[in-house]
Amino acid sequence: MGLFLTVKRWFLSKDKVDISVDFAGVRLANPVVTASGTCGYADELADFMDISTLGGFITKSITLEPRKGNPTPRIVETDSGMLNAIGLANIGVERFIREKVPIIKGLGVPVFVNVAGESIEDCVAVAERLAAEEAISGLELNISCPNVKEGGIAFGTAPEQVEKITKAVKKAAGAKPLIVKLTPAVTDIAVTARAAVEAGADALSLVNTFTAMVIDIESQRPFLANRTGGLSGPAIKPIAVYLVNRVYNEVAKPAGVPILGGGGIRTAADAIEFIIAGATAVAIGTATFIEPDCAVRIIEGIKGYCARKNISNIKDLIGKLKD
Ligand SMILES: Cc1cc2nc3c(=O)[nH]c(=O)nc-3n(C[C@H](O)[C@H](O)[C@H](O)COP(=O)(O)O)c2cc1C
């Protein structure tokens with residue numbers, strides 16, 4: 001037996017490892033997707049990498065009307081991370097469908113459109129428009145943006161609100177799978193995760209950014225015009241891994257609902273931590289600002305890890321955290 005295992009390990013090459021996953025009924029060739037708001041609407045990364053090598057692409061949040069977002073400065077670097085207070089700046093759903101959906105058709109990768117709004121009705125209207133577009137594989141509902149006054153995080157903190165908006169948008173999404181993106185700014189994320197799943201979410205996405213502040217000590221004012229922003233990047237990774245594991249154990253595993261995990265992923269090792277914690281797929285955000293094609297390196301690294309650990313199918317790694 002020992003000899004057999006040794007021989008098998010010897011022969012398991014990277015190319016023999018299957019890292020494809022089923023994410024809420026959508027097949028991803030690998031578990032690596034872009035995080036909303038960090039990689040544009042469609043092909044903005046195309047100068048840096050072949051987008052079709054990604055497992056999936058998630059767009060910037062799209063709202064019913066175009067939004068200018070918050071005044072500047074709206075980004076600031078921190079130790080091991082950054083704060084952003086973009087405020088959901090985007091071109092609005094009609095322009096998105098007119099200008100970006102034709103590009104999305106040619107990307108050769110499943111595309112999920114992130115939906116946001118100032119009211120449930122707004123989110124429903126956006127979801128209804130997008131549901132009619134064949135090129136779109138699914139929707140991600142952002143109920144966790146910390147940087148807008150109306151809607152945003154307010155939808156994601158009270159479980160009754162999470163349930164109400166998820167139910168309404170799920171209906172509007174029709175046959176498209178609905179991912180609900182949760183905020184970490186709650187006492188117990190399992191409560192809001194459960195509310196989303198019970199209301200019909202096909203997948204959960206976590207985490208969005210953590211509300212935070214940087215102070216300019218010379219002016220003694222907040223650095224960002226919005227005062228606060230959302231903290232992302234490696235600084236949040238261990239908290240995000242913990243929250244993914246909690247949601248996996250308490251809600252996602254028993255309900256059979258996949259998790260898109262993320263927060264500070266920069267390397268394949270980071271991504272693998274999230275997968276072991278319970279994520280079926282992983283989102284890469286802030287790291288792309290430093291290395292726009294880091295997803296390629298992360299995908300190869302995941303394959304290499306599986307081969308080294310003699311894991312022929314990545315599904316055998318999801319949620320396999322040992323005691
Ligand atoms: C500049 C910036 C813009 C973002 N915009 C959005 C957005 O429009 N919608 C959304 O759901 N999340 C948005 N996010 C959150 C990311 O998708 C991700 O959840 C978060 O940054 C944590 O992952 P990371 O540490 O890998 O960046 C944004 C993050 C950043 C840094």
Side-chain angles (χ1 to χ4, degrees), residues 32-41 44 56-63 66-70 72-93 96 112-118 123 126 138-148 151-153 155-156 165 169 178-185 189 203-212 224 226 228-241 243-244 259-267 270-271 273-274 279 281-292 294-295 298:
V32 179
V33 310
T34 55
S36 176
T38 62
C39 298
Y41 297 108
E44 287 86 342
F57 183 88
I58 303 190
T59 71
K60 172 77 192 156
S61 279
I62 305 296
T63 53
R67 288 174 64 98
K68 283 204 172 74
N70 290 324
T72 57
R74 52 189 190 182
I75 278 188
V76 59
E77 203 171 326
T78 63
D79 290 341
S80 298
M82 66 182 278
L83 290 197
N84 92 82
I86 305 294
L88 302 180
N90 79 98
I91 58 177
V93 71
F96 176 79
F112 299 84
V113 179
N114 185 296
V115 173
E118 291 182 6
C123 294
V126 176
L139 305 181
E140 181 181 53
L141 176 63
N142 179 4
I143 52 168
S144 43
C145 181
N147 304 319
V148 288
I153 212 164
F155 287 136
I165 192 167
V169 176
L178 179 68
I179 312 167
V180 174
K181 184 165 182 179
L182 303 172
T183 174
I189 198 166
L204 297 168
S205 167
L206 60 150
V207 293
N208 210 319
T209 54
F210 291 74
T211 303
L224 296 176
N226 188 53
T228 59
L231 179 64
S232 62
I236 69 171
K237 195 196 77 183
I239 317 177
V241 168
L243 294 174
V244 164
I259 296 176
L260 171 61
I265 297 176
R266 200 173 46 87
T267 64
D270 296 334
E273 273 194 65
F274 277 92
V282 291
I284 319 290
T286 301
T288 61
F289 294 133
I290 301 166
E291 188 188 354
C294 64
I298 292 172

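As the structure lists them, so they are numbered: ligands from 1, and atoms in each ligand from 1. Keep in mind the model is a prediction, meaning the values are calculated, not measured. Only heavy atoms go into these numbers, but all of them, side chains included; no hydrogens, no water, no symmetry mates. Sequential numbering from 1 along the given sequence is applied to the chain's residues.
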Worksheet item: Hey, what do you get for CD1 (Ile75) to CD1 (Ile86), rounding to the nearest 0.5 Å?
Response: 4.0 Å

Fill in: Geometric N/O contact Lys181 with ligand 1, under 3.5 angstrom
yes

Practice prompt. Please report which non-hydrogen protein atom sits nearest to atom 8 (O) of ligand 1, along with the residue it belongs to and the distance in Å to one decimal place.
Written response: Lys60 NZ, 2.8 Å

Discussion item. For atom 14 (N) of ligand 1, tell me which residue out of Ala35, Ala287, Ser36, Gly37 has the closest non-hydrogen atom.
Written reply: Ser36

Fill in: Heavy atom of Val207, distance to ligand 1 below 4.0 Å
yes

Practice prompt. If you have a sec, work out which protein heavy atom is nearest atom 15 (C) of ligand 1 and how many Å separate them, to one decimal?
Written response: Asn208 OD1, 3.4 Å

Discussion item. Judged on heavy-atom distance to atom 24 (P) of ligand 1, which of Ser144, Ala89, Gly264, Ala283 sits nearest?
Written reply: Gly264

Practice prompt. Could you check if a side-chain atom of Ser232 sits within less than 4.5 angstrom of a side-chain atom of Met82, using non-hydrogen atoms only?
Written response: yes

Worksheet item: If you count the atoms of ligand 1 from 1 in the order shown, which ones are under 4.0 Å from a heavy atom of Gly233?
Response: 25 (O)

Practice prompt. Kindly indicate whether the side chain of Tyr41, heavy atoms from C-beta on, has any atom under 4.5 Å from the side chain of Ile62.
Written response: yes

Item to complete: May I ask you to identify the nearest protein heavy atom to atom 21 (O) of ligand 1, giving residue, atom name and distance to one decimal place in Å?
Response: Ser232 CB, 3.3 Å

Worksheet entry | Atom pair CG/OG1 of Leu83 and Thr211 - distance to nearest 0.5 Å | 9.5 Å

Discussion item. Applying a heavy-atom cut-off of 4.0 Å, say which part of Asn90 lies close to ligand 1: side chain, backbone, both or neither.
Written reply: neither

Item to complete: Just need the protein heavy atom nearest to atom 26 (O) of ligand 1, so name the residue and atom and give the distance.
Response: Gly285 N, 3.1 Å

Practice prompt. Starting from atom 29 (C) of ligand 1, find the nearest protein heavy-atom neighbour and note its residue, name and distance.
Written response: Asn84 ND2, 3.5 Å

Worksheet item: Side chains of Leu243 and Leu182: does their closest heavy-atom pair fall under 4.5 Å?
Response: no

Worksheet item: Looking only at protein heavy atoms, which one is nearest to atom 20 (C) of ligand 1, and how far off is it?
Response: Thr209 CG2, 3.8 Å

Discussion item. With a sphere of 6.0 Å drawn around CD of Glu291, does it hold more than 12 non-hydrogen atoms of other residues, nucleotides or ligands?
Written reply: yes

Fill in: Backbone N/O of Gly156 and side chain of Ser144: donor-acceptor pair under 3.5 Å
no

Worksheet entry | Among Asn142, Thr59, Asn114, side chain to side chain donor-acceptor pair (under 3.5 Å) partner for Ser36 | Asn114

Discussion item. Which residue and atom name correspond to the protein heavy atom nearest atom 23 (O) of ligand 1, and how close is it?
Written reply: Gly263 CA, 3.6 Å

Response to the item:
A student checking ligand 1 against Thr38 at a 4.0 Å heavy-atom cut-off should list atoms 29 (C), 30 (C)

Worksheet item: Hey, which atoms in ligand 1 end up nearer than 4.0 Å to a heavy atom of Thr286?
Response: 24 (P), 25 (O), 26 (O), 27 (O), 31 (C)

Discussion item. Less than 4.5 Å apart, side chain to side chain, heavy atoms only: is that true for Phe112 and Val33?
Written reply: no

Worksheet, complete the sentence: atom 9 (N) of ligand 1: closest protein heavy atom, distance to 0.1 Å, is Ser61 OG, 2.8 Å

Fill in: Under 3.5 Å: donor-acceptor pair, side chain of Thr63, backbone of Gly117
no

